[in-house]
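Notes for the one structure printed next.
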Amino acid sequence: MAKMAAVSLILLLSAFVWHSQAVFNRPNEIKLENNEYTDVLVAIHKDVPEDQRIVDRLKEIFTEASRDLYVATNNRAFFKQVKILIPNTWSKKPEYLPAGTETFERANVRVDVPNPLYGDNPYVQQKGGCGEGGDYMHLTPQYVVDKPYGEMYWGPNGKTFVHEWGHLRWGLFDEYGFDGATGESYPHFYRASVGGVEPTRCSAKVAGNSQHMVTGAPCQLIPATGVYEPECRFYPDFSGNRATASYMFMHFLSEVTGFCHSDPEGDPLSYHNREAPNKHNSVCGGQSAWDVMNKHQDFAGGANRPRAVETTDPDFVLLQQSDFFRIVLVLDVSGSMQGEPIRRLNQVARRFICSTVFFGTSVGVVTFSEDASIDHPVVSVNSPAVRNDLIAAVPTSTGGATCIGCGLLKGIEALEDVGPPQGGVLLLVTDGEENRDPRISDVIPELITKRVIVATIAFSRGADPLLQSLALRTGGLSFFSGIHDSTALDNAFSATFEATAGGKGVKLLSEDKIITGRQTYANHVYVDNTVGENTTFSISWLDGRRPTVTVETPLGLVITEGNPIYDVTSDTITIEIPGTAMPGKWAYNITNNGPDEQNITVIVTSNPLNNNEPITVTAQVSTVSLDYSSSRPTALKIYASVRRGYLPVIGAVVKVLIEKPPHDQVEEITLLDNGAGADGARNDGIYSRYFFGFTANGRYGVSVKVDNTQGDAGYIVINRARSSGAPPLNPDTGYTSGGNVQQEPLEQFQRMTTGGVFEVDGVPSGGVSTRDMLPPSRVDDLAVVEVSYADATVTLRWTALGDDFDQGGPAHYVEIRYGHHFDQLADDFHGSASVNHSQVLQGSLTSPPEPGSAQTIVILVPDRGDNVTFVFAVRMCDEADNCGDPSNIVSANLEFIPEPVYVNDTVAWAIVGCALGVAVLATILALFYCKVWKPRSIKPAKSAQLASANDNPAFVPTV
Ligand SMILES: *[C@@H]1O[C@H](CO)[C@@H](O)[C@H](O)[C@H]1NC(C)=O
Ligand SMILES: *[C@@H]1O[C@H](CO)[C@@H](O)[C@H](O)[C@H]1NC(C)=O
Ligand SMILES: *[C@@H]1O[C@H](CO)[C@@H](O)[C@H](O)[C@H]1NC(C)=O
Ligand SMILES: *[C@@H]1O[C@H](CO)[C@@H](O)[C@H](O)[C@H]1NC(C)=O
């Protein structure tokens with residue numbers, strides 16, 4: 001029991017850290033106070049052509065959504081203030097306020113060109129578990145502008161928005177069955193414990209009927225699964241439905257005005273259906289939407305009680321991004337920076353000005369010790385001479401006390417010298433605790449009022465803990481870099497620039513190497529064909545003689561000293577490949593020319609080619625501060641998103657290096673995109689893993705390395721046959737093949753980035769011994785893959801988990817329990833019958849496979865025949881009998897089902913049907929298909945065609 005409690009605490013913990021979700025690329029923080037959501041940020045991407053209708057329509061959509069949200073939350077929440085960020089590529093207007101910390105990347109709602117996986121279908125990028133909010137909602141310009149089109153396919157704009165808000169804000173999941181483009185699959189039907197086949201729905205009172213999506217014929221049972229054929233769908237009765245929930249199921253039905261709840265006294269028409277095998281129940285362990293919402297900070301403990309309001313109309317604030325990006329380096333030159341720290345800082349700052357900062361950016365330099373000075377005013381970097389001036393201003397010497405507040409105030413002053421400071425960035429690098437007034441806390445209010453972003457780099461474990469909250473409160477990023485670690489410092493500089501300036505530079509490689517005297521170090525880097533412009537090798541050292549570098553191109557040309565592109569400036573060798581570097585393997589050798597060992601930093605950067613979406617990686621950690629105590633084993637999640645544009649890159653090798661206190665040891669873990677353990681969804685390009693190897697209190701730094709040197713990676717593309725927006729004519733085309741992910745192979749590539757820092761407290765001295773203290777994670781993808789009446793067997797499958805959460809070696813054993821009644825198994829797992837060894841015909845209960853791989857078990861059941869339905873749940877356990885929470889529950893029917901009989905040729909029938917223009921059927925199907933089947937994209941041209949064929953208003957969802 002104690003172990004179980006520990007696990008639930010962990011889940012709770014991750015559910016409640018919503019507000020501090022990620023230190024890096026953190027979404028804009030929305031507030032809910034007094035029933036009013038404020039600070040909701042919507043941003044239009046700069047590549048979206050200027051169109052005033054987008055702004056006008058966004059206002060309409062929010063106004064409608066606010067009204068619907070107020071009703072859906074039982075008068076507990078609505079939109080009060082919405083900020084719309086207009087890109088700087090659009091024309092300037094006097095009513096636009098200048099943007100401060102608002103950026104497209106941080107927006108809660110994005111208006112951007114379609115993600116090819118979803119087309120114009122609104123969706124939320126959701127990577128966390130139950131109750132953890134999503135990253136952003138994505139609406140396309142076409143969806144926003146063309147109201148009839150949006151409503152035709154997805155229902156009323158306001159209600160669609162509230163559905164997505166459920167994902168984005170409260171971490172709810174879909175309550176319908178679906179087969180997603182990335183291979184995720186949840187059944188459309190299931191065997192209910194009351195008997196019979198039920199559609200996956202919430203509430204169970206939603207009216208409609210089930211039929212074959214191509215032929216319209218009644219659904220037939222399939223012997224191998226005991227449920228309907230894969231092409232069978234539930235069609236709602238638009239006019240006859242009386243069910244009032246749920247928004248996460250069919251929000252577009254006119255009677256649906258709320259979320260499912262589990263209050264026995266409440267409205268039975270919106271009562272939660274916990275048996276439905278949808279993603280929401282699987283991930284949230286059968287909790288209703290309201291159960292989850294009531295644990296969210298918005299409503300927990302009765303917060304934001306129902307309140308009557310005069311209007312739910314939101315106020316809108318229009319902001320526009322500034323044309324020029326300003327960054328002031330605010331550098332610590334106090335006495336404690338003496339020696340290696342200042343030399344390293346100098347080197348990295350110079351490299352930053354030289355190669356990271358792009359043409360036209362404005363840069364200034366401020367230094368501080370016991371007071372501060374502007375060492376170089378903010379100027380636009382528009383010539384090599386300006387770059388050199390700035391580089392010359394980067395400090396080399398130190399002395400005195402530490403007044404961080406002085407530095408920040410000088411930074412504001414430097415920004416104000418060239419115009420209004422809002423939106424300007426101060427990049428603060430410091431190693432020390434402040435010991436002079438004014439303090440950080442004294443200047444935070446001014447920074448917030450003037451809307452200046454502060455990114456902080458703690459250049460020592462001793463640096464002031466306030467640095468993280470300073471960044472958090474002003475919208476900046478926060479990093480930690482060890483003294484000897486040039487690459488972490490360099491990554492922090494470039495990540496700040498990318499996140500705030502929208503820089504497009506791509507880091508291919510960064511490494512710190514110790515090379516012994518007179519030795520040569522050889523390595524290589526892959527340049528892929530999505531990048532290549534101005535590829536730069538930069539090699540730096542602090543001590544010893546100048547090393548010699550040779551670089552060999554994929555064609556075998558050797559670049560070395562004496563080549564005009566081989567530049568040596570003080571302690572850095574730079575080789576910039578002119579034009580576009582050829583894709584392929586670039587080898588390099590570095591020779592230490594001195595007798596002693598030498599620490600060398602290698603950084604290789606490149607830029608995307610025009611018209612080519614580069615592969616990018618961004619990293620996040622689930623929380624910035626964590627309180628560990630041995631009575632409460634705890635972990636955080638680390639995420640890395642690998643994409644090409646919006647398309648997920650799968651099959652890449654993603655490794656995280658965690659720099660740990662007290663001595664900067666590095667632990668390496670591999671992140672997985674397998675939908676198990678910490679990973680929310682398989683094949684979404686977001687690789688995740690738990691981390692719990694805490695060694696001591698203090699700051700932990702995270703950097704991420706992605707490579708495809710094995711050549712196994714690819715990016716997901718839409719399978720045209722499955723995503724064209726019309727039902728497939730051939731029932732054989734992969735409708736249920738959840739694993740049938742379409743991908744384009746990628747050539748070899750490498751990327752690096754940083755995931756920022758997190759801070760841990762309460763670690764027992766000597767560190768955390770995780771050995772068999774932590775249970776395996778909860779299984780949430782248990783599925784019935786086959787049922788056999790003849791053999792009286794059920795085949796179950798799930799993704800195996802590790803000994804400790806999702807890692808360590810394989811778990812020790814598996815416990816499978818079953819029964820006839822869903823409620824009994826759900827409420828009393830331990831009291832239900834367990835599957836014993838003699839019932840296992842294939843697979844094994846005692847030797848689970850490697851974590852992350854599929855585990856399949858064939859079970860002999862004790863009974864079969866009419867009305868015989870079994871329900872199953874599993875949990876995985878370790879050697880010390882620590883077990884995960886019970887999995888999602890699945891059901892299997894053991895009655896005799898004859899082979900279904902099909903009309904001679906279903907395919908021909910359907911073709912003829914369509915060709916003859918059985919428009920009504922086609923339209924119902926198209927409508928239904930697009931609206932309900934969210935994760936599938938539709939092709940606008942085709943949809944428009946179908947839409948215009950629709951002249952039967954009965955099938956258009958009513959507003
Ligand atoms: C590449 O370098 C050239 C010459 O320095 C410059 O004009 C161009 O803007 C650079 N391209 C990028 C993407 O930085
Ligand atoms: C690096 O050194 C090895 C061994 O001396 C040599 O075979 C290789 O060609 C060198 N590569 C480059 C790029 O100079
Ligand atoms: C080189 O790096 C190592 C570990 O990062 C460090 O212990 C050592 O002091 C460094 N040596 C020099 C000469 O900087
Ligand atoms: C199966 O259940 C149905 C409805 O619950 C009932 O009418 C029927 O008699 C049952 N059949 C058997 C064999 O128990």
Side-chain angles (χ1 to χ4, degrees), residues 347-348 350-351 354-356 484 486-487 490-491 494 505-609 614-615 652-653 655 657 703 705-711 713 746-752:
Q347 203 168 55
V348 171
R350 281 189 290 126
R351 184 159 51 227
C354 254
S355 50
T356 310
H484 300 303
S486 275
T487 57
D490 197 89
N491 286 342
S494 43
V506 174
K507 183 157 285 161
L508 304 183
L509 174 135
S510 64
E511 58 177 355
D512 282 320
K513 272 287 153 196
I514 302 174
I515 304 177
T516 46
R518 313 261 179 233
Q519 292 301 302
T520 295
Y521 166 68
N523 197 5
H524 58 261
V525 59
Y526 285 99
V527 174
D528 54 282
N529 63 5
T530 70
V531 294
E533 193 179 337
N534 298 0
T535 303
T536 304
F537 290 75
S538 154
I539 295 92
S540 311
W541 61 97
L542 282 181
D543 299 295
R545 291 176 53 187
R546 183 168 88 208
T548 310
V549 179
T550 52
V551 172
E552 190 181 333
T553 72
L555 288 181
L557 298 173
V558 173
I559 302 160
T560 190
E561 239 173 49
N563 192 305
I565 61 169
Y566 189 103
D567 173 79
V568 186
T569 307
S570 63
D571 50 12
T572 301
I573 294 169
T574 311
I575 299 170
E576 183 170 337
I577 312 300
T580 303
M582 174 178 229
K585 180 173 171 177
W586 290 68
Y588 56 89
N589 285 353
I590 302 168
T591 305
N592 175 356
N593 292 318
D596 303 322
E597 68 174 32
Q598 194 172 27
N599 286 3
I600 297 207
T601 303
V602 186
I603 290 176
V604 184
T605 55
S606 193
N607 287 283
L609 299 182
I615 298 160
V653 177
K655 295 209 163 110
L657 306 174
S703 51
K705 215 165 74 177
V706 181
D707 77 52
N708 182 33
T709 44
Q710 306 294 328
L746 284 166
E747 57 187 47
Q748 286 156 327
F749 67 84
Q750 285 173 251
R751 294 291 184 273
M752 290 206 71

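One-based numbering, in listed order, for ligands and for the atoms of each. Counting from 1, the numbers follow the sequence of the chain as shown.
Annotation: side chain of Lys507 is in contact with side chain of Asp490 (closest heavy-atom distance under 4.5 Å). Residues Tyr566 and Val551 are not in side-chain contact: their nearest non-hydrogen atoms beyond the backbone lie 4.5 Å or more apart.
Counting only distance, with no hydrogens or angles, the side chain of Glu576 and the backbone of Thr536 share no donor-acceptor pair below 3.5 Å. In this structure, Thr560 contributes its side chain and Val549 its backbone to a donor-acceptor pair below 3.5 Å. Side chain of Arg751 to main chain of Val706: no donor-acceptor pair is present (N/O by atom type, distance under 3.5 Å, no hydrogens or angles). Under a 3.5 Å cut-off, the side chain of Glu747 and the backbone N or O of Gly584 do not form any donor-acceptor pair.
Near ligand 2, residues Thr550, Glu552, Ala587, Asn589 each place a heavy atom inside the 4.0 Å sphere around the ligand atoms.
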